[in-house]
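Take a look at the structure set out below.
Lettering of chains follows the sequences in order, A, B, ..., and the numbering in each one begins at 1. Computation of the quantities below employed the complete heavy-atom set of this structure, encompassing side-chain atoms and omitting hydrogens, waters and symmetry-equivalent molecules.
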Amino acid sequence: MTAGTGEQRDRGFDHTEVEPKWQDAWDEHGVFHVPDDAEDPAYVLAMFPYPSGEMHMGHVRNYAITDAYARYQRMRGESVLHPMGWDSFGLPAENAAMDREVDPRGWTMDCIATMKEQMELMGLGLDWDREVTTCEPEYFRWNQWFFRRFYDEGLVERKETGLNWCPSCETVLADENVTTEGGTEICWRCDTPIEHRDMEQWFFTTTDYADELHEALDRMDGWPENVREMQRNWIGHQEGDAVAFELTTGDSVEIFTTRLDTIHGATFFALSPGHPVAQDLAGEDEAVAEYVHRAEHGDREARSASEASSGDAARDEGLPQTSGVFTGEYAENPATGEEIPVYVADYVLSDIGTGALYAVPAHDERDHAFAREHDIPIRQVVEPAPDAEVDPADVDVQRAAYTEDGVLDLGEVEGSSDGRSESDGVLANSGEYDGLTSEEAREAFVDVFDGERRVERSLRDWCISRQRYWGTPIPFVECPDCGYVPVPEADLPVELPAFVRTTGNPLDAAEEWKQVECPDCGGPAERETDTMDTFVDSSWYFLRYISPGMDDAPFDTEQASDWLPVDQYVGGIEHATMHLIYSRFFTKVLADLDMLEGVREPFENLLTQGMVRKGGTAMSSSTGNVVSPRPFVEKHGADTGRLFMLEAARPEKDFDWTEEGARSAHEFLQGVYALAAEVASGAVGKVDADADRAPIDEYVAREVSATTATATEEFEAFRFNHALQAVRELVSLVRRYRDETTPDPAVVERGVETVTKLLAPVAPHVAEEMWDELGGEGLVAEADWPGADPPASYDIERRLVENTREDVRDIVDVAGIEDPEEVAIAVAPDWKHEVHEFARTSDADNLVGAVMGDERFREHGEAAADFAKDLAAEREALSETLDPAAERAALERAAWLIEREFGADVTVLAAGESAADARPGRPAIQID
RNA sequence: GCGAGGGUAGCCAAGCCUGGAAACGGCGGCGGACUCAAGAUCCGCUCCCGUAGGGGUCCGAGGGUUCGAAUCCCUUCCCUCGCACCA
């Protein structure tokens with residue numbers, strides 16, 4: 001439908017008129033501004049966007065969630081910080097600049113302006129006074145400032161290692177920026193397969209914090225388990241031992257193993273092709289040199305080859321898994337004193353452990369395969385424990401490796417009472433250590449072989465250099481005499497030179513900018529031309545929101561310590577191992593630099609929102625499978641979009657965008673607005689003292705309270721869909737009340753007013769309009785959230801009413817009663833209630849006996865015995881019921897619903913003859 | 001291979017932690033009210049049988065615990081995601 005048609009205006013509201021009006025009003029009242037002196041406000045944060053210029057539905061969902069929660073908290077009386085900013089450095093701006101003769105800055109600023117306008121269109125309640133833009137020198141100067149501080153603290157290293165290179169983006173990438181798809185490593189931004197290059201780059205030493213980053217995850221209850229698990233995987237955790245082996249080359253080579261217990265079975269030694277000792281040997285031995293070369297270069301071809309094939313694993317096809325070359329050198333097995341041959345083997349990876357290992361073919365499958373191929377002896381040193389399920393005679397290590405390591409399953413230690421230990425392995429052929437369990441042997445051997453117990457992790461230091469223009473210049477100068485020298489703090493920020501279109505890094509081409517004096521010796525020097533990974537920007541932006549204008553520090557320590565951690569963070573799962581690890585790292589470093597007090601984790605609660613799909617598949621601009629937010633909002637209104645998104649599914653789940661769902665949301669809003677307008681115009685009911693109506697009014701009042709309680713609970717738990725479902729039910733009830741009785745306008749008004757408030761966080765514009773119609777004071781955005789106690793015994797009563805209504809329907813239906821005229825409902829007599837309660841709480845063995853033994857009940861004779869028998873059959877399932885008077889009152893309150901449904905008179909009776917069939921919670925029903 | 005999360009009526013989807021009602025809600029379908037009619041709105045029904053509220057079957061499959069299991073335990077199958085030549 002077209003906005004603002006005459007037809008619409010008659011009965012509904014026109015969102016093109018209403019939405020800007022209230023946006024202005026919120027603005028004028030500074031509703032969303034948080035003063036600096038606010039005490040520990042609720043910090044509700046959506047991951048700030050990269051300003052691409054167009055919002056997509058994922059953004060809308062993200063912000064609809066945080067805004068609803070923030071608005072809800074505000075109505076609860078909290079001060080709320082709900083800020084927004086722009087993650088505005090990055091390659092797309094540079095690409096756009098190359099494509100269409102603009103400069104990255106201009107393009108970015110235009111995009112920000114458009115996106116901000118779209119956010120305003122959505123009516124998001126954001127504190128724009130705290131807007132943060134990472135590509136502004138006022139922001140990125142602090143990146144440089146942090147870089148220097150980190151450098152002073154020894155957290156910055158410049159080192160050469162094998163790095164990921166994206167040929168399309170023409171820059172190195174951190175490990176975190178590389179994703180694996182079908183065995184191929186690709187760039188997270190452009191999906192181009194990456195290459196490996198050895199380069200010297202700048203690193204933040206995230207590994208210094210690996211232990212804490214890993215261990216703290218266990219305590220982060222506010223995070224979803226899958227994100228924590230992803231981070232655990234990413235950081236890695238292998239407990240083992242490092243032991244040195246002496247080689248005939250004269251080198252002492254450290255290995256890392258989780259199976260030190262098997263050391264007596266080591267029959268060869270293996271180095272990865274990248275290992276320094278292997279590299280040295282390659283210099284002396286042609287065969288080794290050739291193998292190392294093939295291993296290093298086969299790599300790339302093999303990857304593209306395996307990509308073409310079905311591509312199960314990224315196993316090199318050029319080099320089989322068992323490939324390797326004997327170096328002619330030997331290592332001494334410290335356990336046996338034997339000389340074992342040293343191989344260079346491709347299956348040994350340079351970035352796992354130390355890149356060197358002793359191989360135990362008897363107890364490791366890969367070592368086994370290698371040994372078979374190269375005719376190396378296989379010696380068993382672990383066998384099944386005497387009490388293990390496996391017969392030692394069945395173990396043939398010549399045929400296959402026996403990998404049971406005999407680790408005690410902690411959960412099963414107690415279970416050894418069943419006569420069988422869970423420890424499967426004990427040592428054999430290991431001299432004096434025979435008979436020890438693997439675990440005991442490991443304990444012993446660390447000392448015996450002068451090793452070191454250690455935890456190996458897969459987390460690597462964070463490579464932050466990027467060979468791109470549109471980022472924060474790394475504040476260093478390279479002097480031919482002094483080496484790398486930091487730019488003095490007084491000279492910060494190092495700003496970007498004008499953009500030039502060039503292949504490669506534009507900063508390299510900015511000759512004038514590049515040439516500087518060395519801060520140390522004053523001689524000619526060159527600026528570092530790399531810029532920082534943009535994840536540096538996003539690692540602390542949530543701190544800048546706290547003191548956005550501060551110009552002598554990145555943020556105010558005292559205020560940040562009070563306002564952090566972020567109470568609720570909402571964003572996409574794609575940042576699980578990137579942004580969310582980097583931010584945690586930054587926060588810990590800042591805490592250790594005393595810039596934060598008592599805060600070591602930035603985000604208390606994390607919600608990863610699900611995708612918005614269409615027709616079962618993800619919305620994607622490349623396939624055109626999208627619903628564009630802007631046209632949608634212009635046509636149907638922001639509230640419609642927000643309501644639909646939030647009621648369609650729980651925030652963390654994916655959901656399908658459907659036309660029907662959106663339409664249903666729109667119609668609901670129009671309908672509920674119309675109801676408010678009708679109430680406001682005085683067209684509903686008349687003030688007329690009618691005693692009969694009192695129970696009905698009370699019924700509605702109780703439903704209003706119950707809905708409020710439900711909505712509150714659900715908002716609190718981020719289940720907006722459940723809250724909204726309850727609100728829809730209440731609206732439906734209020735309508736029925738209005739239509740079918742002589743309604744009390746005050747009751748209707750209270751219902752509609754409550755609905756307005758409950759809806760305000762989700763459909764804020766319509767809610768303001770309704771609030772205005774109803775004559776509410778001020779803005780509903782600033783109104784108090786309604787009280788939230790559920791009425792006494794509400795659940796029991798609801799069950800009673802629902803059951804009774806259903807029973808009436810059943811009877812009418814099954815008995816084929818055409819036109820019921822009178823429905824009589826009779827509550828069970830007092831004594832039955834007493835027996836029921838007695839049965840429910842009694843623990844007597846013989847319930848019937850116990851009941852009949854009580855003279856209160858005995859006087860009801862046979863009826864009491866029968867009833868007791870029935871109860872006995874289901875005594876464990878008996879649930880609490882209302883007392884007779886309460887039951888009767890509840891049914892009287894609900895009687896109007898039955899009258900309305902069947903057009904029959906309904907009478908609710910106290911117990912009488914007609915109540916013979918009645919039971920507590922199940923009244924007798926007579927229909928005529 | 002390791003790990004995490006899932007499998008609920010035609011579809012989407014609650015409930016499972018803290019066992020106790022054929023199992024919330026939405027969509028679709030069916031019937032009814034209102035209406036000249038359509039739309040909108042409202043009220044029901046939607047696993048099977050049943051002319052007074054009853055009975056049967058049911059929550060991926062199979063076992064078990066229990067008076068009682070969608071919920072707890074074990075086994076098994078399938079799906080999604082993350083990690084993975086990890087020494």
Whole-angstrom distance between [N] and [M], as gauged at atom [atom1]:
| N | M | atom1 | value |
| --- | --- | --- | --- |
| B/rC34 | B/rC24 | C1' | 29 Å |
| B/rA13 | B/rG26 | P | 16 Å |
| B/rU57 | B/rC49 | C1' | 11 Å |
| B/rG54 | B/rC59 | C1' | 23 Å |
| B/rA70 | B/rA23 | P | 12 Å |
| B/rG28 | B/rC67 | P | 46 Å |

Which atom pairs link the protein and nucleotides 78-82 of chain B when you take only N or O atoms and keep those under 3.5 Å?
none

Nucleotides 9-15 of chain B: which of its N/O atoms have a protein N/O under 3.5 Å away?
| unit_1 | atom_1 | unit_2 | atom_2 | d |
| --- | --- | --- | --- | --- |
| B/rA14 | OP1 | A/Lys653 | NZ | 3.4 |
| B/rA14 | OP2 | A/Lys653 | NZ | 3.1 |

Notebook entry, point to check: Under 3.5 Å, side chain of A/Glu647 to main-chain N/O of A/Gln725, donor-acceptor pair present?
Noted result: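 No, A/Glu647 side chain to A/Gln725 backbone: no donor-acceptor pair under 3.5 Å.
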Checklist line | Nucleotide of B/rA4, B/rG25, B/rA87 approaching A/Glu225 most closely (side-chain heavy atoms) | finding: B/rA4
Item checked: Letter per nucleotide, 5' to 3', of nucleotides 43-54 of chain B [B base touched, S only sugar-phosphate touched, - untouched; heavy atoms, 4.0 Å] -> SSS----BSBBS
Using residues 262-269 of chain A as the side-chain source, report each donor-acceptor pair under 3.5 Å to any protein atom, sequence neighbours left out, with the distance given to one decimal.
| unit_1 | atom_1 | unit_2 | atom_2 | d |
| --- | --- | --- | --- | --- |
| A/Thr262 | OG1 | A/Arg259 | O | 2.8 |
| A/Thr267 | OG1 | A/Pro377 | O | 2.9 |

Next item on the list: Would you please confirm or rule out a distance under 4.0 Å between OP1 or OP2 of B/rC42 and any side-chain N or O of A/Arg735?
Entry: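 For B/rC42, OP1/OP2 do have a side-chain N/O of A/Arg735 under 4.0 Å.
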Next item on the list: Please name all residues satisfying side-chain contact (heavy atoms from CB on, under 4.5 Å) with A/Ser458, sequence neighbours left out, ordered by chain then number.
Entry: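 In terms of side-chain contact (heavy atoms from CB on, under 4.5 Å), with neighbours along the sequence ignored, A/Ser458 is linked to no residue.
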Note to self: My understanding is that only residues two or more places apart in sequence, or in another chain, count here; which of them pass ring-ring contact (aromatic ring centres under 6.0 Å, His included) with A/His275?
What the structure shows: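 A/His275 satisfies ring-ring contact (aromatic ring centres under 6.0 Å, His included) with no residue once adjacent residues are dropped.
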